[in-house]
Amino acid sequence: MAASAAATSAAAARLSRLAPRYRRPEPTTWRTPGRSRVVVAQAARIEPLFLGIDFGTSGARQVVIDRSERVQSEFSSAYSQHESLDTAWSSALWQLLDAIPADQRRRIASLAIDGTSATTLLIDGDSGRCLAPPKLYNEAQPQSVVQRARQMAPAEHTATAATSTLCKVLAWDEEGLWQGAEAQGVEPAIVHQADWVAGLLHGLWRVTDYNNALKLGYDPEAELYPDWLADQPFAHLLPLAVVGPGTPVGPITAEVAQRTGLPPTCLVCGGTTDSIAAFVAAGVSEVGEAVTSLGSTLAVKLLSEARVDDARYGLYSHRLGSGWLVGGASNTGGAVLRQFFSDSQLAELTPRLAGADHPTGLDYYPLTRPGERCPVADPNLQPRLEPRPADDAVFLQGILESIARIEAQTYRLLADLGATPVGRVYTAGGGARNPVWTAIRQRQLGVPVVVSAQAEAAFGSALLAKQGYALANPPAAVVM
Ligand SMILES: Nc1ncnc2c1ncn2[C@@H]1O[C@H](COP(=O)(O)OP(=O)(O)O)[C@@H](O)[C@H]1O
Ligand SMILES: O=C(CO)[C@H](O)[C@H](O)COP(=O)(O)O
């Protein structure tokens with residue numbers, strides 16, 4: 001324990017030395033002749049822009065917005081299928097940054113990144129190099145590891161889910177991976193996908209946000225690692241700084257500024273998870289309003305007065321400012337659709353669907369492979385996609401209806417467990433573009449399903465970047 005305590009203090013000392021190098025530009029002051037007033041005004045500056053980057057399952061997207069939150073440009077990049085995950089993610093990042101129009105790139109004042117939740121990396125804490133293949137958000141870990149998590153964490157804590165970040169850390173612990181790296185003089189560290197991508201830009205490898213840290217076991221209310229986690233022999237691997245989404249962290253490195261053309265003062269801010277970024281994008285503010293992310297997976301986020309945390313059903317509560325986002329994420333979703341239909345085939349088939357007034361009666365559980373996270377946490381739940389009708393339009397509607405049924409079941413379960421009942425649902429992700437699916441979902445949910453002006457995760461991260469810039473650049477004081 002002494003060794004790990006020393007390692008923790010050494011790592012903490014190193015991070016403090018790496019404290020965010022961000023220096024607020026000094027406002028310009030001058031004395032107006034003949035009068036005692038001092039007017040403090042910001043130096044004339046270029047109108048800033050804010051960049052949000054969403055690292056989803058199938059690809060990454062970015063949005064650039066201005067102070068009025070108008071979209072100035074956007075771009076997406078599918079991940080290469082022929083590279084390691086981390087290489088595909090870094091390639092996508094540089095492609096996205098290169099795609100920002102040059103006249104906008106030099107005005108990017110801040111950025112924020114969201115990623116898939118519980119996608120976990122074991123890295124060299126000095127260089128960010130991966131020490132093992134990343135473990136994706138939906139990769140369930142062995143039962144032996146789940147048992148260890150259940151022994152150390154509170155009952156039904158989300159960190160005890162087989163797909164949790166904690167279980168992934170315990171799997172590497174059981175394999176002796178971090179211990180082996182340490183024996184070779186490497187400083188191993190645990191980060192999430194969004195943290196790692198941000199590290200490529202600011203060079204800080206021990207920083208995360210309290211949304212991504214939830215499934216590790218971090219307590220976002222107390223803002224600390226609880227003793228049951230901090231006392232573990234691997235605790236020194238955990239992120240040393242846990243910030244709120246949109247909190248200023250530090251500027252990009254000089255090398256990144258040189259490589260990308262971003263200004264050297266471009267501020268990297270605390271990120272979040274993809275479904276929470278979508279929630280931020282939707283601009284939801286009323287308790288009882290919710291955002292369903294219909295991407296490769298189905299993620300549900302409901303603004304609730306009461307927390308709901310129950311790993312049996314894959315439900316947990318994320319903090320967002322002073323509120324609680326209750327929900328969970330199912331393995332069902334667009335990835336199942338993509339197994340059978342391309343996006344263009346979906347667009348072609350949708351007008352042929354019978355629609356909400358003519359249900360198919362098909363009862364599927366659409367999964368790409370065995371294993372479900374929510375509304376039931378069962379790593380062995382089998383996909384159910386039979387019988388397949390001869391008509392693809394009927395088959396497609398059967399899948400859409402079944403995903404809608406899982407979504408409605410999740411919201412009902414949240415209400416049964418004490419969450420504020422859902423009153424309105426916004427939709428994010430690729431599935432939001434399907435009006436027939438929206439009508440089917442509305443029939444199942446029994447509440448309005450509305451399209452928000454913006455519900456894309458990248459837009460939500462851009463709003464977080466704008467927030468971080470404002471925190472680092474408070475309005476100038478005018479002293480008369
Ligand atoms: N017209 C459509 N109707 C329903 N689903 C669609 C449609 N177009 C695309 N999708 C689905 O959207 C998903 C991609 O959404 P996206 O938000 O990019 O996912 P992710 O960010 O999880 O990779 C795909 O799995 C695809 O099947
Ligand atoms: O399914 C996912 C990938 O798209 C993630 O699990 C999703 O982000 C939900 O996680 P969280 O509720 O922690 O945001």
Side-chain angles (χ1 to χ4, degrees), residues 4 7-8 10-12 14-16 18-20 53-56 60 84-90 92-93 111-137 139 141 159 163-173 175 177-179 181-182 186-218 220 225 229-230 232 234-245 247 249-250 252-253 256 268-274 276-277 461 464:
S4 62
T8 302
R14 200 183 68 78
L15 190 78
S16 65
L18 284 173
I53 306 180
D54 164 40
F55 271 76
S84 62
L85 284 173
D86 49 308
T87 304
W89 297 338
S90 58
L93 174 68
L111 66 91
I113 297 166
D114 68 79
T116 50
S117 181
T119 292
T120 311
L121 299 88
L122 176 63
I123 62 168
D124 173 341
D126 269 326
S127 66
R129 177 175 59 86
C130 283
L131 302 177
K135 290 181 184 281
L136 286 177
Y137 60 91
E139 289 185 37
Q141 302 308 299
T163 54
S164 75
T165 312
L166 176 64
C167 283
K168 290 157 188 168
V169 175
L170 291 174
W172 281 320
D173 180 65
E175 293 166 37
L177 273 185
W178 66 265
Q179 300 92 326
E182 224 162 48
V186 170
E187 175 200 311
I190 290 294
V191 290
H192 308 89
Q193 179 188 31
D195 313 331
W196 184 78
V197 176
L200 294 174
L201 298 175
H202 56 38
L204 298 172
W205 300 105
R206 307 301 304 272
V207 183
T208 189
D209 63 271
Y210 57 55
N211 292 141
N212 272 293
L214 181 75
K215 296 174 181 176
L216 189 49
Y218 182 80
Y225 292 119
L229 182 58
Q232 296 301 326
F234 55 80
H236 60 292
L237 306 184
L238 306 184
L240 296 171
V242 183
V243 301
T247 302
V249 172
I252 61 173
T253 65
V256 168
V268 183
C269 303
T272 185
T273 68
D274 52 358
I276 292 176
S461 288
L464 293 176

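In what follows, residues are counted from 1 in the order of the sequence shown. Everything quoted here is computed from the prediction, not taken from an experiment.
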### Query
Under 3.5 Å, is there a donor-acceptor pair linking the side chains of T87 and S90?
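Not at all, the side chains of T87 and S90 share no donor-acceptor pair under 3.5 Å.
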Polar side chain donor-acceptor pair, S117 to K215, under 3.5 angstrom:
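Present: a donor and an acceptor within the cut-off.
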Compare every heavy atom of [Y] with every heavy atom of [X], then report the nearest pair and how far apart it is.
X: L216; Y: L166; value: O-CB, 3.7 Å
X: C167; Y: A159; value: SG-O, 3.9 Å
X: G270; Y: V243; value: CA-CG2, 3.8 Å
X: A189; Y: G125; value: CB-CA, 3.9 Å
X: G115; Y: A194; value: N-CB, 3.6 Å

What pairs with [X] under side-chain hydrogen bond (donor to acceptor under 3.5 Å, both in side chains), at least two apart in sequence or on another chain?
X: S164; answer: none
X: K168; answer: none
X: Y218; answer: none
X: T120; answer: none

Residue list, side chain to side chain contact (heavy atoms under 4.5 Å, CB included) with [X], at least two apart or on another chain:
X: D274; value: D54, D114, T116
X: A92; value: F55, A60, S77, Y79
X: A132; value: W172, L177
X: L131; value: L122, D124, R129, A181, V186, P188

A side-chain contact here means heavy atoms from C-beta on lying under 4.5 Å apart; do [X] and [Y] qualify?
X: D195; Y: V207; value: no
X: L93; Y: I53; value: yes
X: W178; Y: V169; value: no
X: H192; Y: T165; value: yes
X: V249; Y: H202; value: yes
X: P134; Y: W89; value: yes
X: L464; Y: C269; value: no

> How would you list, by chain and number, every residue that makes a salt bridge (Lys or Arg N to Asp or Glu O under 4.0 Å) with D173, sequence neighbours excluded?
Replying inline: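 Listed in chain order: R148.
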Check: What distance separates I276 CD1 from N211 CG, expressed to the nearest 0.5 Å?
Finding: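 Separation between the atoms: 3.5 Å.
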Straight-line distance of D86 CG to C130 SG, nearest 0.5 Å
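If we round to the nearest 0.5 Å, D86:CG and C130:SG are 3.5 Å apart.
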Would you check, one step at a time, whether the test side chain to side chain contact (heavy atoms under 4.5 Å, CB included) holds for K135 with Q141? CA-CA 9 Å; K135 290 181 184 281; Q141 302 308 299; 3.3 Å; yes
Are the side chain of [X] and the backbone of [Y] linked by a donor-acceptor contact shorter than 3.5 Å?
X: R206; Y: L237; result: yes
X: E139; Y: L136; result: yes
X: W205; Y: W196; result: no
X: T208; Y: V242; result: no

(message) Suppose we screen for ring-ring contact (aromatic ring centres under 6.0 Å, His included). Which residues come up paired with Y210, at least two apart in sequence or across chains?
(response)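 By the ring-ring contact (aromatic ring centres under 6.0 Å, His included) rule, Y210 matches no residue at all.
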So I190 and I123, side chain to side chain contact (heavy atoms under 4.5 Å, CB included) or not? Walk me through it. CA-CA 6 Å; I190 290 294; I123 62 168; over 6 Å; no
